[in-house]
Each structure stands twice: as C-alpha cells, then as structure tokens.
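One structure is given below, encoded as structure tokens.
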Amino acid sequence: GAGAGAADDAERAALVDGGSVAPLPSAVDAHVGREQGLWWRSRARAFAAISVVLVTALLRADPRGHAEASLVGHPGAVTQEFATGLLPWSEAIERAVETESKLSDTEREGFLHGVGFPTVGGFVGAIPAVRRLGVPALKLQDSSAGFRPMNADEPGTVTSWPSMLTLASSWDEQLVYQTAAAIATEFRGKGANVMLGPGLNVHRSPFGGRNFEYLSGEDPYLGSRLGPAFVRGVQSRGIMATIKHFAFNEQETQRNSEDSRVDERTKWELYYPPFEAAIAAGAGAVMCSYNRVDGSYACGNAALLGDTLKERMGFNGFVMSDWSAVHSPDALAGGVDMEQPQAQFFTQAVASEPRAAREAVRRILASAYHLRLDEAPGCALPCSAERASNQRTQEHLRLAEDAATKGIVLLQNNGVLPLRPQQVRTIAVIGPAANAKDTMNTWGPGSPYSGGGSGHVPAPHVVSPVDGIRARAGSDFKVIAPALRYDSSAALDSTEAASRRRLLDLDAAVAAVEE
C-alpha cells in the first residue's frame, strides 16, 4: 500500500544518504585496503587461541601425548533441527517466481547489486526491501571469527571467536554447529541476516593468506563434514550462510590476476567436496572469487557458475560476487546474480540482459524465502539501535574458550610435557606475539588473535601468551619475555643484549611468533 511504498522510499533515502554512520572508506579505498590487509593475513596461522594453546600445551598436556583424531557429534540430530526451520527449495522457488512477476524493472534492478561499501549502518553490503510485496532487505556482513565490527564504536560489542582453522582442528561437528549458531545469534542481534561465510577452500599451501579463515583445512573430507555443520548452525538461527570463495581461491598473492588451472578429477575429488556438501545442507548463497579459473574470471565464468555449480551441483540459491570482483556486464549471463558492493557493471542489467536479470532476481528471492526472511525481516535499515547493541555474553565467551581449547592438537610429546618444576625453573616466551594486544580497528592491520582484513574481529580484552603462562605457572616457574627482534644481523642495544645473555640460563622456551 501507500504506507509501504513510503517506507521503501525512506529506506532508499537512508541507503543513499548513508544513515547515521561514521566516515568510512569508499568502495575503491576499501578494495585497496583489502589488498593492503593481505600482508597481515599471510602472517596469521592459528593464533586465535594462542594463549590457550601455549598454557595448556606447556602445563596441562597429557604426558602420553595422545591426540585422538576422530569426527564427533551427532549430525542426525543436527539435521532434524535444521530441517524444521527452512522452507523447501521447491516451495521457495515457486514463491520467488510469483513475486518476481510483480516487480517493476526498478525494483528488479535493486536486487542485482549492492548500494556501496558500506553506505548504511556499517553493513558491508545491503539490498533494499520491497515492502509492498513483503520482501525484506538483505543486510550482509563479513564473518570469519564472528560478526565483523565496522562502526567506530563497535569493537568489543561482539565475540571474537576462534578462527575457522581452529574449529577445523577440533574435528567436532557438534561444536562447529554450536559455534556457528552462536555467531549467527550475534548477527541477528546486530541486525544482519546474511553472513558472508563460511570459507570452505581447501589449503594448497601453508602460505595461503586466508588459510586461517577456511574451515576445510587441507582435507576435503573434513570440509565436507564440518562445512554442512556450520551452514546448518547458522541457518538454524534464520541467518543466510554464504559459502565462499568459489572456486580455487587458495592464494592471496596476485589474487586478482592469477589463473587457477585444475584438471577435472582434482576439482571434484579435492576442491569441490566441501562446497557440494554445504549446498546439500541448504546453503542460501555462494560467493565467487577474485581469481581466474581456466582463463576466465571466476565471477562470470559460465562453466564454473552455470554448468558446475548450478547444474551439476544442483545449487538453487544465488551467486554474489566478492567485493569488486565483477569485470564485465557479461558476468550476469555468466552466472553472477548479484554484484557487490555496488553497481559497476550491472547498471542497466534489466534492460540489457532481461532474461538473465529476471532469473537472477528469482534466485535471490528463492534464497530469501528458503530462509523465511520474509517471516522475520528484522530491523529496517540502517538498524542503528541493533548496531549499537552489545551482543557479547558470558555464555558465548565460555563457548569460544571451549572451542579454542578443543582445537588444540598435540601430535607428539615424548615425555616433555607437562613441564615440572623439578626439571624446569625458567620459561622464555619468545617473539613479538608474546605480549601482543589486539588491534582495535575497523579496517587495517590485524593481529595474532584474529588475523586481518575482512576476517578481523577485534577483542578488547585478551590474555597475552606471556600473561597466560605466568598466571598458570604461579610461583613454580620463572617466566620471562626477552625483547628479541627478527633481524639477528642488527647491532644489539643494551636491553636486547641483556635479554640474549639471559637466554643462556633457560630451561625451556616457547615461540610466540607471527610467521
């Protein structure tokens, strides 16, 4: 009705004006910032739980050194809970076809691209609502170790969860499900309804810049078990999961230009299984990657997105681009349904590619109905009250600690651990991460606790490795943190020289490094 139309106009005005948000980088600046953040990403390995790892491994380890590597949990029970919440794809598609037929071309255009990075409420992407037809806004936010704070006053209002790689190291489907559901709860509290995660790429090299963000680790079977658990956990809370980065985004170096060439058997046996399993679990969206695949950019590669993803894998949802990963208007016909973060190439998509545009809108609507977002649309943009809320809870902090602890795997001991005061008196915690604090920023360098770039979720209160070890050691051990640098060829100042002399008296040392 008229009231709904006026509300739509008000929301669009908020999107254009930016709402009440702090100044943030432009889309171009953000794209450059992502590249600048790659340096930190490349140095992050599995430091989300570094203090827990060090304290537990040094002082509480099982002296027998056993580490049972088995998948645990009860996926059958998880599936039952998941199945009761989502609208079957067949019904969602039927509703989408009906709704799409009632849209104006202007409304169709609004589904095909975002409105900027970010222009309203601190969301990294947004699609406006069509209230006259009961279609909710899509409010997208980054996620690796939780809800990514973007507004200046948001760091510390969400939980900084263990990295995806730490969760992968737990081999625990139920734990992954519970963690994903808790993260999704915080997303809902912050007003978002689309999570840009989980990352499911399979590690190809230990130097992969986003390895810490990927739930598969280096094992496609592990990814095919944990990926669905994460998706089900997220979507059980009414938040749409976006599996990424499809496909072959196994490196950050020259990610915008490198060409991944992979034979068919390797694709289907090594790199595709986590994505296939997550699609079977009902994932609502897929994010295509920056790189080229067999000569063509992934975002617009018809063989990859059309033949492989939508046909052979049977994906019923929609494909969004990674941010600024579309390179041509032809990407729409090539399988990209939504350009993010704004329209660079999909500016006249409905007029130039009407058939592909209408199919893309149907897919986006089908995903929204699949998640029943129309039944619980949440806040209207810019969601100021929700974004200002504090979603950290003691329950979530306990779960985060439990997940970090269960991600510790001790492969071999040989009787060294746990350390005993009868054998060891002095412990040195060596490296720049020993006393590290988290970086409380919305964009820029990361930290050993939460990586960097779009996956960085700053934590206001961290226990550094040296402080954690001192607290656990008590009076039984002397714990020191020598001021040592990486560059051994540089001339030593008096403080560093003294630190190196103290190392001669060490009984044990812990490396707290960033690479």
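Counting from 1, the numbers follow the sequence of the chain as shown.
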Just by modelled atom types, is the [Y] backbone N or O under 3.5 Å from a matching donor or acceptor in the [X] side chain?
{"X": "R392", "Y": "T159", "answer": "no"}
{"X": "D172", "Y": "Q174", "answer": "yes"}
{"X": "R372", "Y": "G85", "answer": "yes"}
{"X": "S160", "Y": "V457", "answer": "yes"}
{"X": "R188", "Y": "R237", "answer": "yes"}
{"X": "S367", "Y": "A285", "answer": "no"}
{"X": "H396", "Y": "T179", "answer": "no"}
{"X": "N201", "Y": "S216", "answer": "no"}
{"X": "S450", "Y": "P458", "answer": "no"}
{"X": "N291", "Y": "A247", "answer": "yes"}

Candidate list E386, E154, Q141, test side-chain hydrogen bond (donor to acceptor under 3.5 Å, both in side chains), partner K190, passing option: E154
Matching residue for Y214 among K244, H245, E250 - test: side-chain hydrogen bond (donor to acceptor under 3.5 Å, both in side chains): H245
Between [atom1] of [X] and [atom2] of [Y], what distance do you get to the nearest 0.5 Å?
{"X": "I243", "Y": "E276", "atom1": "CD1", "atom2": "CD", "value": "10.0 Å"}
{"X": "D219", "Y": "W171", "atom1": "CG", "atom2": "CH2", "value": "5.5 Å"}
{"X": "M287", "Y": "F318", "atom1": "CE", "atom2": "CZ", "value": "9.5 Å"}
{"X": "E109", "Y": "T347", "atom1": "CD", "atom2": "OG1", "value": "7.0 Å"}
{"X": "T185", "Y": "E395", "atom1": "OG1", "atom2": "CD", "value": "8.5 Å"}
{"X": "N193", "Y": "L140", "atom1": "CG", "atom2": "CG", "value": "7.5 Å"}

Report yes if some heavy atom in the side chain of [X] is under 4.5 Å from a heavy atom in the side chain of [Y]; otherwise report no.
{"X": "E107", "Y": "P128", "answer": "no"}
{"X": "Y177", "Y": "F230", "answer": "no"}
{"X": "W161", "Y": "L399", "answer": "yes"}
{"X": "F207", "Y": "N211", "answer": "no"}
{"X": "M164", "Y": "S144", "answer": "yes"}
{"X": "F187", "Y": "K139", "answer": "no"}
{"X": "Y271", "Y": "R204", "answer": "yes"}
{"X": "I127", "Y": "M338", "answer": "yes"}

Closest non-hydrogen atom pair, [X] against [Y]:
{"X": "T308", "Y": "L304", "answer": "CB-O, 3.2 Å"}
{"X": "G217", "Y": "L165", "answer": "CA-CD1, 4.0 Å"}
{"X": "V326", "Y": "A331", "answer": "CG1-CB, 3.8 Å"}
{"X": "C299", "Y": "A325", "answer": "CB-O, 3.5 Å"}
{"X": "L103", "Y": "V130", "answer": "CD2-CG1, 4.2 Å"}
{"X": "S289", "Y": "N249", "answer": "CB-CB, 3.8 Å"}

Side chain to side chain contact (heavy atoms under 4.5 Å, CB included) between D337 and K310, intermediate numbers included: CA-CA 12 Å; D337 302 305; K310 296 177 179 179; 3.1 Å; yes
Does the pair [X]/[Y] count as a salt bridge with the N-to-O cut at 4.0 Å?
{"X": "D322", "Y": "R255", "answer": "no"}
{"X": "R261", "Y": "D259", "answer": "yes"}
{"X": "E100", "Y": "R358", "answer": "yes"}
{"X": "D294", "Y": "K267", "answer": "yes"}

When you compare the side chains of [X] and [Y], does any donor N or O come within less than 3.5 Å of an acceptor on the partner?
{"X": "S454", "Y": "R210", "result": "yes"}
{"X": "S163", "Y": "T166", "result": "yes"}
{"X": "T253", "Y": "E258", "result": "no"}
{"X": "Q340", "Y": "H113", "result": "no"}
{"X": "T157", "Y": "N390", "result": "no"}

Tell me if the centroids of the rings in F246 and F275 come within less than 6.0 Å of each other. yes
Would a line drawn from the ring center of F346 to the ring center of F111 be shorter than 6.0 Å? no
Report the C-alpha distance between R312 and Y272 in whole Å, list the side-chain angles of each, state the deciding distance to 0.1 Å, and finish with yes or no for side chain to side chain contact (heavy atoms under 4.5 Å, CB included). CA-CA 11 Å; R312 295 183 66 181; Y272 286 162; over 6 Å; no
Stepwise side-chain hydrogen bond (donor to acceptor under 3.5 Å, both in side chains) check, S257 with Y290: CA-CA 8 Å; S257 59; Y290 285 112; over 6 Å; no
Should we say atom CD of E359 is surrounded by more than 12 heavy atoms from elsewhere, each under 6.0 Å from it? yes
So does E375 have more than 12 non-hydrogen atoms from other groups sitting under 6.0 Å from CD? yes
L373/L138 under side chain to side chain contact (heavy atoms under 4.5 Å, CB included): CA gap, chis, key distance, verdict: CA-CA 9 Å; L373 300 185; L138 298 183; 3.8 Å; yes
Would I279 and L309 count as a side chain to side chain contact (heavy atoms under 4.5 Å, CB included) if you check the C-alpha gap in whole Å, the side-chain angles of each, and the deciding distance to 0.1 Å? CA-CA 9 Å; I279 289 167; L309 180 66; 3.5 Å; yes
